[in-house]
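Please read all numbers here as calculations on a predicted model, not as lab measurements. Hydrogens, waters and symmetry mates are skipped; everything else that's a heavy atom, side chains included, is used.
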Amino acid sequence: MQAAVKVLTPQEERIIKGQLTEELTTEEGRNQRKRVNKLLANFRSRPPRVNIERALLFTESFKETESMPMVLRWAKAMENILNKIKFVEDKAMVVNHMGFVSPCYALMHSYNCYIYGRIKEMYPFYLGNVTEKKLDQIWTEPIYINFRLAVNNFHFPSCTDCKFLDGCSYVDNNDGDCWGNSPSCAECLWSRQLVLCP
């Protein structure tokens, strides 16, 4: 029986050779990788946050994929997370550590995402706070009913293939869209059916 051959990603190979550290810490490396260094600086300047459910799903996947190359382990972990987290259609909501209620994980906190290389700033969308109202009261608020209706009817524009995409300020963040939705789920992976719930 042959021993398993460990396949490394290009990033793993550069880490082992010490190249990645050099690329990100030397002046020459920083000039070549301005976008990466800007992202790292932004990442380092924010306090760390952990979503316990995502962490558990990530760990669950990593335990099952120990023999795979790292790039596949990450992909499988993301697939596991995206297939198991709950969304609006499952009658789910998310409550953060301060009691704020969001309709889904994607709208629970601020972060940046990238859509075909274009940066999009994501803002949280809170529908109430469990320290002030009961969950059933928040669930039946008109703003929440209207949001669920928009999501279930997929009442959002298709921004990624819109002919006016270049120069459109609506795609810079999820605050609103040209159809009057606020927030907009137009480029959400789940709402565009690129990610499906179990």
Side-chain angles (χ1 to χ4, degrees), residues 42-43 46-62 64 74-116 118-162 165 168-198:
N42 189 23
F43 176 75
R46 294 183 182 195
R49 290 181 291 218
V50 176
N51 179 311
I52 299 300
E53 185 176 5
R54 288 180 86 144
L56 291 171
L57 293 170
F58 190 90
T59 303
E60 173 187 283
S61 176
F62 257 57
E64 295 171 0
W74 276 89
K76 292 282 187 182
M78 287 307 299
E79 177 185 40
N80 193 43
I81 290 167
L82 293 172
N83 282 335
K84 292 184 179 176
I85 58 177
K86 299 294 183 188
F87 290 96
V88 173
E89 75 173 8
D90 297 319
K91 297 184 176 67
M93 60 174 73
V94 182
V95 181
N96 74 9
H97 68 287
M98 294 185 298
F100 289 104
V101 176
S102 291
C104 65
Y105 293 99
L107 295 173
M108 189 170 68
H109 58 278
S110 297
Y111 59 97
N112 290 331
C113 66
Y114 294 85
I115 300 161
Y116 297 114
R118 173 177 43 83
I119 191 167
K120 184 175 190 104
E121 192 167 356
M122 303 298 287
Y123 300 124
F125 179 58
Y126 301 131
L127 295 152
N129 192 301
V130 294
T131 62
E132 298 166 3
K133 290 184 180 178
K134 293 182 179 181
L135 279 176
D136 62 340
Q137 290 175 308
I138 296 170
W139 183 261
T140 55
E141 288 282 337
I143 190 170
Y144 205 167
I145 292 170
N146 291 333
F147 179 81
R148 289 195 307 271
L149 187 63
V151 169
N152 290 331
N153 292 330
F154 192 67
H155 188 260
F156 301 101
S158 185
C159 297
T160 53
D161 54 9
C162 176
L165 175 65
C168 177
S169 61
Y170 285 118
V171 297
D172 295 340
N173 58 58
N174 69 326
D175 198 34
D177 61 40
C178 61
W179 287 11
N181 296 301
S182 181
S184 178
C185 299
E187 294 184 302
C188 171
L189 294 176
W190 174 81
S191 73
R192 292 189 56 85
Q193 298 181 342
L194 296 172
V195 175
L196 299 177
C197 296

Next on the checklist: Tell me if a side-chain donor or acceptor on Arg148 pairs with a main-chain N or O of Pro103 at a distance below 3.5 Å.
Outcome noted: no
Contacts of Ile143 meeting side-chain contact (heavy atoms from CB on, under 4.5 Å) (sequence neighbours excluded), chain-then-number -> Phe125, Leu127, Glu141
| query | Angle class for the Phe62/Phe58 ring planes (parallel below 30°, perpendicular above 60°, tilted otherwise)? | reply | parallel
Closest heavy-atom pair, Phe156 versus Val151, reported as atoms and distance to 0.1 Å, is CE1-CA, 3.8 Å
Notebook entry, point to check: Within the distance-only criterion (no hydrogens, no angle test), does the side chain of Asn146 pair as donor or acceptor with the backbone N or O of Pro142 below 3.5 angstrom?
Noted result: yes
Applying salt bridge (charged side-chain N to carboxylate O under 4.0 Å, His left out) to Glu60 and not counting sequence neighbours gives Lys84
Note to self: Other residues, nucleotides and ligands only: do more than 12 of their heavy atoms fall within 6.0 Å of NZ on Lys76?
What the structure shows: no
- Message: Asn96 vs Tyr126, test: side chain to side chain contact (heavy atoms under 4.5 Å, CB included). Steps then yes/no.
- Response: CA-CA 10 Å; Asn96 74 9; Tyr126 301 131; 3.6 Å; yes
Between Tyr144 and Gln137 (side chain of the first, backbone of the second, donor and acceptor by atom type, cut-off under 3.5 Å), is there such a pair? no
Looking only at heavy atoms, the pair that brings Asn181 and Ala150 closest together is OD1-CB, 4.3 Å
Shortest non-hydrogen pair, Leu165 vs Cys159, comes out as CD1-O, 3.6 Å
> Between the main-chain N or O of Leu57 and the side-chain N or O of Ser61, is there a donor-acceptor pair closer than 3.5 Å?
Replying inline: no
Between Leu135 and Met93 the two heavy atoms that sit nearest each other are CD2-SD, 3.3 Å
Correct closest heavy-atom pair for Lys120 and Asn174 would be CE-N, 4.0 Å
Sorted by chain and number, sequence neighbours left out, side chain to side chain donor-acceptor pair (under 3.5 Å) with Asn129 holds for Thr131
- Query: With a 4.5 Å heavy-atom cut-off, do Asp177 and Cys185 have their side chains touching?
  - Reply: no
- [ ] Answer yes or no: is there a side-chain heavy-atom contact under 4.5 Å between Val101 and Lys133?
- [x] no
- Short question: side chain of Ser182, backbone of Gly176 - any donor-acceptor pair under 3.5 Å? no
